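What you see below is based on every heavy atom in this structure, not just the backbone, and it leaves out hydrogens, waters and symmetry mates. What you are looking at is a predicted structure, and each value in this text was computed from that prediction instead of being measured.
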Amino acid sequence: MVVEPVLDDQKPKQKTVHVSEPEEFEQAPLLIALVAYLNLALLVVFGYIRDFMRMFGYECTVGAKEWGNEGFPPLYHEFESFYHRNVYHRGSKLTAAPLAGVPGAEIDIIDREWGDASLSSFKLSDKKRRYLNVGSYNYLGFAQNEGYCSHQTVKEIRGNGCGLASPRKELGTHEIHRQLETLVAQFVGKESALVFGMGFATNSLNLPALVDEGCLLISDSLNHSCIILGARLSGAKIAVFKHNDVEDLERVLKRHIVMGQTRTRRPWRKILICVEGLYSMEGTLCNLPAIVELKKKYKAYLFIDEAHSIGAMGERGRGVSEHFGVDTADIDIMMGTFSKSFGACGGYIASSKDTIAHLKRESHAHTYASPMSPPVARQIIASMSLIRDSEDGKKRLRQLADNVTYFRNELRKRGYIIYGDSHSPVIPVILFTLANICAFAKECLNRGLATVIVAFPATTMLGARARFCVSASHTREHIDRVLTILEELDPMINLKMSTNRPGSAFLDFWRHFFTRPKVPTRAVDEAS
């Protein structure tokens, strides 16, 4: 970390500039890896047995099934349907829980009453329970139904209604859109900006307006699906480099520049490098300083997706460019969303005036899609203004940074395998096996803790994990409660598998295998 003095309003301050950290992705111990593969293999084998039984009516069919198309290939992918039917459905009771309130530090979840025939059959009950929420991207705590931002939003609804019935390019541009775009451009440090009603479409429908046939788009291997979809729709040649590996990125650049376009071998019309500021599944930050050096060296353009980093990273919430001290003039196109740090929805693209004028003409998201509603725009303006101008915004940024540092340090010190940068509010705890994450989610819910579990195919076979998202709305007591629950679950599920701590993963496995801990009481039942 480097500290540089800067002048702001003629007052000397200290500007903190961070350097890119070396990434560590601790792998599964051999025995745990074998158990994970055996776990998945058994689920697949029993899945085929269950499908065989369904053919003769001994078990109800779960999931979609096509009828009347004998002789035709299935419209859906056969293995994906099999996996969803026989593996994913086993954990249906632990996923897609219906929420009954804003995703703050605590959240209300509606109970579901499940049918006997199928895990797909359920109905919502009249009961709801309150859980400690560590699974939402509410980084700065603006997802709330009270306070300044909420009052501004309600006032906007009363003044301009809830929506606009026309695309932006026709009659859907409201004065509040221009206000927001001016504010966003100033906030991120670019000449101009354009906002959209949907974050996913901000990438998938704008990348085709930036590159097309004869262009080269180089994408990080762990980029979000909206970038992948936009790249495919563009018609450009797609090249992929290893996640956050700058050396591999340079190899890809060199190889494709030397080879040129497919068949004709002509030079590429343009080269666009697409990366994310903060990767939401790994918790890692892109090595922005090194990527900027490469893009200058090879005369490529840089597109950075700051969906998770804008508002959450940097001393003033300006994202990874501020975090690393990179001049925003070196980033050609900056994209971000408002659904994380700002408690709203939609996305933006900030760039030069010429680029934004081009997107206003060519972007499908601007030409055909519904515009951002006025109350949503007002929520963004209110929250962004607080971050920029108020002491409350600065306090939220400090609270988030303190919570992240404390939680990450405690997890690492206690022997959990965690991924990501030390400043990242996304903290994946690696559990490796499907059985582990299902048991983990169930026991967490029993103790009043709501989190997110992720497994194959969203991760690798051995990448099953629980993903914690830290928020400025969390107190130290909230984080200590999460740590206490994890300590309670470790004897049951074997959560501490890091080889960097004292002890042996091999001995730990057999200790957990033969030791049957006392079944805990359901904390949520007692609370209700």
Side-chain angles (χ1 to χ4, degrees), residues 1-2 16-25 137 139 188-190 199 202-203 207 210 216-228 230-231 238-253 271-298 300-315 317-337 340-341 347-351 404 408 418-428 467 469:
M1 184 172 69
V2 182
T16 303
V17 177
H18 300 272
V19 296
S20 182
E21 301 175 358
E23 294 181 353
E24 296 182 6
F25 297 102
Y137 299 134
Y139 297 135
V188 302
K190 300 299 285 185
T202 304
N203 276 333
L207 281 173
L210 297 171
L216 175 65
L217 189 149
I218 303 179
S219 174
D220 188 288
S221 62
L222 294 184
N223 273 344
H224 193 269
S225 60
C226 60
I227 296 178
I228 297 171
I238 303 172
V240 179
F241 67 96
K242 296 177 184 177
H243 173 57
N244 226 5
D245 189 332
V246 178
E247 293 181 358
D248 189 55
L249 172 58
E250 185 166 20
R251 283 192 292 268
V252 171
L253 277 165
I271 300 174
L272 181 66
I273 302 171
C274 291
V275 296
E276 294 185 36
L278 168 58
Y279 292 85
S280 61
M281 197 62 71
E282 310 298 323
T284 53
L285 301 180
C286 71
N287 189 352
L288 187 58
I291 294 174
V292 167
E293 288 183 12
L294 279 185
K295 84 103 178 174
K296 290 180 178 179
K297 180 178 178 180
Y298 293 98
Y301 293 101
L302 177 59
F303 180 105
I304 182 167
D305 177 345
E306 293 218 67
H308 289 267
S309 52
I310 190 67
M313 303 299 303
E315 283 187 282
R318 281 4 181 228
V320 290
S321 59
E322 182 184 42
H323 179 79
F324 289 119
V326 173
D327 189 349
T328 55
D330 293 330
I331 304 172
D332 301 287
I333 302 167
M334 303 178 72
M335 177 270 174
T337 62
K340 284 80 178 177
S341 296
Y348 69 86
I349 284 185
S351 186
V404 168
R408 277 189 171 274
I418 61 174
Y419 287 173
D421 189 273
S422 61
H423 302 90
S424 168
V426 178
I427 306 175
R467 186 176 61 183
C469 295

Taking it one step at a time, do Tyr348 and Val188 satisfy side chain to side chain contact (heavy atoms under 4.5 Å, CB included)?
CA-CA 11 Å; Tyr348 69 86; Val188 302; 3.7 Å; yes
Kindly indicate, with the supporting measurements, whether the criterion side chain to side chain contact (heavy atoms under 4.5 Å, CB included) is fulfilled by Leu207 and Cys274.
CA-CA 10 Å; Leu207 281 173; Cys274 291; 4.1 Å; yes
Derivation of the side chain to side chain contact (heavy atoms under 4.5 Å, CB included) call for Lys340 and Ser280
CA-CA 11 Å; Lys340 284 80 178 177; Ser280 61; over 6 Å; no
Steps toward side chain to side chain contact (heavy atoms under 4.5 Å, CB included) verdict (Leu249, Ile291)
CA-CA 8 Å; Leu249 172 58; Ile291 294 174; 4.2 Å; yes
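A pairwise comparison of heavy atoms in Leu285 and Leu278 identifies CD2-CD1, 3.7 Å as the closest pair. In terms of heavy-atom proximity, Ile310 sits nearest to Ser341 at O-OG, 3.0 Å. Scanning both residues, Val320 and Ser309, for their nearest heavy atoms gives CG1-CB, 3.7 Å. Looking at every heavy atom in both residues, Val404 comes nearest to Pro425 through CG2-CA, 3.6 Å. In plain terms, the two heavy atoms of Met281 and Pro428 that are nearest each other are O-CG, 3.5 Å. Smallest separation of non-hydrogen atoms from Asn287 and Asn244: N-OD1, 3.0 Å.
For the residue pair Thr284 / His243, a side-chain donor-acceptor distance below 3.5 Å is found, with atom types taken as modelled.
Note: Asp305 CG to Glu276 CD = 5.0 Å, rounded to the nearest 0.5 Å. Distance CD1/Ile218 to CG/Asp248: 10.0 Å, rounded to 0.5 Å. Taking OG of Ser424 as the start and NE2 of His308 as the end, the distance is 9.5 Å to the nearest 0.5 Å. Taken to the nearest 0.5 Å, the CG atom of Leu217 stands 5.0 Å off from the CG atom of Leu272. To the nearest 0.5 angstrom, His323 atom NE2 is 10.5 Å from Glu315 atom CD. Taking CG of Leu302 as the start and CD1 of Ile271 as the end, the distance is 13.0 Å to the nearest 0.5 Å.
At least one side-chain heavy atom of Leu210 sits less than 4.5 Å from a side-chain heavy atom of Phe303. Side-chain atoms of Thr337 and Thr202, non-hydrogen and from C-beta on, never get closer than 4.5 Å to each other. Considering only heavy atoms from C-beta on, Arg251 stays 4.5 Å or farther from Phe241 through its side chain.
Every pair tested for salt bridge (charged side-chain N to carboxylate O under 4.0 Å, His left out) that includes a residue from residues 218-227 fails, sequence neighbours excluded, so the list is empty. Applying the salt bridge (charged side-chain N to carboxylate O under 4.0 Å, His left out) test to residues at least two apart or on different chains, the pairs with a partner in residues 285-298 are Glu250-Lys297, Lys295-Asp332, Lys296-Asp330.
Lys242 is linked by a salt bridge (Lys or Arg N to Asp or Glu O under 4.0 Å) to nothing, counting only residues two or more places apart in sequence or in another chain. With sequence neighbours left out, the side chain to side chain donor-acceptor pair (under 3.5 Å) criterion links Glu282 to Arg465. Evaluation of the side chain to side chain donor-acceptor pair (under 3.5 Å) rule for Arg467 yields Tyr137 as partners, not counting sequence neighbours. For Ser219, the side chain to side chain donor-acceptor pair (under 3.5 Å) partners are Asn223, not counting sequence neighbours.
Atom OH of Tyr301 sits in a sparse spot, with 12 or fewer heavy atoms from other residues, nucleotides or ligands closer than 6.0 Å.
A side-chain donor-acceptor contact under 3.5 Å links Thr328 to the backbone of Gly189.
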